[in-house]
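Note sheet for the following structure.
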Amino acid sequence: MVNGWATFGADLHLELRGPKLRTGLMDALREAIRSGRLEPGVRLPSSRSLAADLGVARNTVADAYAELVAEGWLTARQGSGTRVARRAAPRPAAGPGARPAPARPVTARPAYDLKPGVPDLASFPRAEWLKASRRALTAAPHEAFGYGDPRGRIELRTVLAEYLARARGVYARPERIVICSGFVHGLMLMGQVLRAGGPPTPSGRRGKVREVAVESYGLSVHRDVLTGAGLRLQPLPLDGLGTRTEELGGMKDVGAVLMTAAHQFPLGGALPPDRRAAVIDWARGSGGLVLEDDYDGEFRYDRQPVGALQSLDPERVVYMGTSSKSLAPGLRLAWMVLPESLVDEVAAAKGTVDWMSSALEQLTFAEFLASGAYDRHVRAMRLRYRRRRDELVAAVAAHSPDTRVSGIAAGLHAVLRLRPGSEPDVLRSAAWHGLAVLGLDRFRHPDVPRTLDGLVVGYATPPDSGWAGALGALCRVLP
């Protein structure tokens, strides 16, 4: 077998095992690549040719190729065909008595990444962060390097309370803040507390929370955290104005609700005022608790900032924020502003010592906030992301005028609405063009009927050097 075939009809020997053709084909191709029989750069037969040789439907081969492209085993380019991805050298064949070499991971990645959830990491303010780190390290008391308060460093909680009150309208006091290692960590802690007892009702009684309401579209990892804590989930209905919080009154067993009120993820709208009031009224009347995920509240473009839901009732809302979108997820810094009745329980759930969050990172972030560097960075990134959003909207309008772009008034992603039933085809085309992007269906609660088709495009992710290429790839895959 040579590294480049002259025609699409070249022979390819594969042994398919098992009753499922697509799975068997994918396993056979993976094994051929893993063993080194198919070398990096080798061109594979066309889907039509291989399907004819194997006696299977062409779609079976095309779907297998697309899945292996998404996994990084293969690459696909128009005019170049489908090839084995460039990666680390395959392991050599083992001689007599030799130990088999460990399998090497596939390192090929899509050429362009427009998946939501990550900021432009190349724009992390390294110089300012280093200055803040030096100042924080110089001023740190000796006890900062010991086992700390499970709520987090008081320096960071004090500065955070001031910032959140000023920038997000949060009613915050340092003693009500708990620092955690990312939003998911905070949600895990809240899951434990809810399952164990939950917040007190207006009469002072406490009871275990067994069910939590969630939005119809959201991150599956957040749902998994809650179900992993032993909680059942009920999806809230959705309409053109957003989540229908008035339906909470009919969910008798629900004791808490998880919401992205300021900027719904992934659809992008802000919860209307009457529905914000409805969720607070439900919490007060039922003794329920609102878990507010304010994941990207700093970034707004065409509207006034939407304040935190927590300001309407600090005793019924847990406000949860993070530095993952404004700075970088690798910092592992997030925070919860808790009702007074829950502070001790959440701190106890976290542990007797602060074993999750680095004291030095907390002190550095506190200095970064106090110096004004954080505000300057957010303002600069807001301008950068707005320019990208405008370029995205203009490009889509020029190349695919029938594609509606929504959810663009704030945040770091946009939703490109597609005609019904077209989302799978567009995603396969994206994989073919080396574009990593996610479809709306990925975020749908499994109990919610599929009624929306679209792409969730994270325009913050690519570095400046890759933005034009990513935007071009996106336009090529749109209908």
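Just the heavy atoms: all of them, side chains too, but no hydrogens, waters or symmetry mates, feed the values below.
- For the residue pair Glu215 and Thr260, a side-chain donor N or O sits within less than 3.5 Å of a side-chain acceptor on the partner.
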Exercise. What do the steps show when you test Trp73 against Leu29 for side chain to side chain contact (heavy atoms under 4.5 Å, CB included), and what is the final call?
Worked result: CA-CA 9 Å; Trp73 293 94; Leu29 285 168; over 6 Å; no

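- Taking 4.5 Å as the limit, every side-chain heavy atom of Val290 sits out of range of all side-chain heavy atoms of Val318.
- Surrounding CZ of Arg244 are more than 12 heavy atoms belonging to other residues, nucleotides or ligands, all under 6.0 Å away.
- Here the side chains of Asp464 and Arg384 are in contact, with some heavy-atom distance below 4.5 Å.
- Inter-residue side-chain proximity for Leu427 and Leu455 is flagged as met; some heavy-atom pair is nearer than 4.5 Å.
- In summary, the aromatic rings of His413 and Phe265 are positioned with their centroids under 6.0 Å apart.
- In this structure a side-chain-to-backbone donor-acceptor pair under 3.5 Å is missing from Ser400 to Leu478.
- Checking side-chain atoms of Arg151 against main-chain N and O of Val343 turns up no donor-acceptor pair under 3.5 Å.
- Within a 6.0 Å sphere centred on CD of Glu340, other residues, nucleotides and ligands contribute 12 heavy atoms or fewer.
- Judged purely by atom type and a 3.5 angstrom limit, Glu292 uses its side chain to pair as donor or acceptor with the backbone of Gln310.
- Counting only N and O atoms by type, the side chains of Trp282 and Glu246 include no donor and acceptor under 3.5 Å apart.
- In this structure, the ring of Phe124 has its center no less than 6.0 angstrom from the ring center of His377.
- For Arg300 (side chain) and Gly297 (main-chain N/O), no donor-acceptor pair under 3.5 Å exists by modelled atom type.
- Between Glu367 and Val159 there is no side-chain heavy-atom pair separated by less than 4.5 Å.
- Using bins of under 30°, 30° to 60° and over 60° for the plane-to-plane angle, the ring pair Tyr163/Tyr374 lands in the perpendicular bin.
- Between the side chain of Arg382 and the main chain of Glu298, a donor-acceptor pair closer than 3.5 Å is present.
- Results of the side chain to side chain contact (heavy atoms under 4.5 Å, CB included) test with Leu114 over Thr461, Leu435, Leu392 single out Leu435 as the only residue that passes.
- Separating the CG atom in Leu271 from the CD atom in Gln264 is a distance of 9.5 Å, to the nearest 0.5 Å.
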Exercise. Would Glu315 and Ser341 satisfy side chain to side chain donor-acceptor pair (under 3.5 Å), going step by step from the backbone distance to the final call?
Worked result: CA-CA 8 Å; Glu315 299 306 321; Ser341 60; 5.0 Å; no

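- No donor-acceptor contact under 3.5 angstrom links the side chains of Tyr112 and His433, judged on distance only.
- Considering Leu342, Val209, Val212, Val257 in turn, Leu342 is the only one that fulfils the side chain to side chain contact (heavy atoms under 4.5 Å, CB included) rule with Leu289.
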For this session: Please lay out, stage by stage, how Glu361 and Trp129 fare under the test side chain to side chain contact (heavy atoms under 4.5 Å, CB included).
Result: CA-CA 10 Å; Glu361 296 295 349; Trp129 188 263; 3.3 Å; yes

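- Tyr295 places a side-chain N or O within donor-acceptor distance of the main-chain N or O of His263, the cut-off being under 3.5 Å.
- Cation-pi geometry between Arg388 and Trp467 is met: under 6.0 angstrom from the ring centre, within 45 degrees of the axis.
- The shortest distance between side-chain heavy atoms of Met26 and Leu68 falls below 4.5 Å.
- Between Arg232 and Thr227, every side-chain heavy-atom pair lies at or beyond the 4.5 Å cut-off.
- A cation-pi arrangement is absent between Arg389 and Tyr385, since the terminal nitrogen or guanidinium carbon is not both under 6.0 Å from the aromatic centre and inside a 45° cone about the axis.
- Within a 6.0 Å sphere centred on CZ of Arg77, heavy atoms belonging to other residues, nucleotides or ligands number more than 12.
- From Met190, atom CE reaches atom CG of Leu291 across 5.5 Å, with rounding to the nearest 0.5 Å.
- Crowding of His445 atom NE2: a count of heavy atoms from other residues, nucleotides or ligands under 6.0 Å exceeding 12.
- The number of heavy-atom neighbours closer than 6.0 Å to CZ of Arg419, taken from other residues, nucleotides and ligands shown, is 12 or below.
- No donor-acceptor distance shorter than 3.5 angstrom exists from the side chain of Tyr65 to the backbone of Thr75, with no hydrogens or angles considered.
- Under a 3.5 Å cut-off, the side chain of Arg404 and the backbone N or O of Arg417 do not form any donor-acceptor pair.
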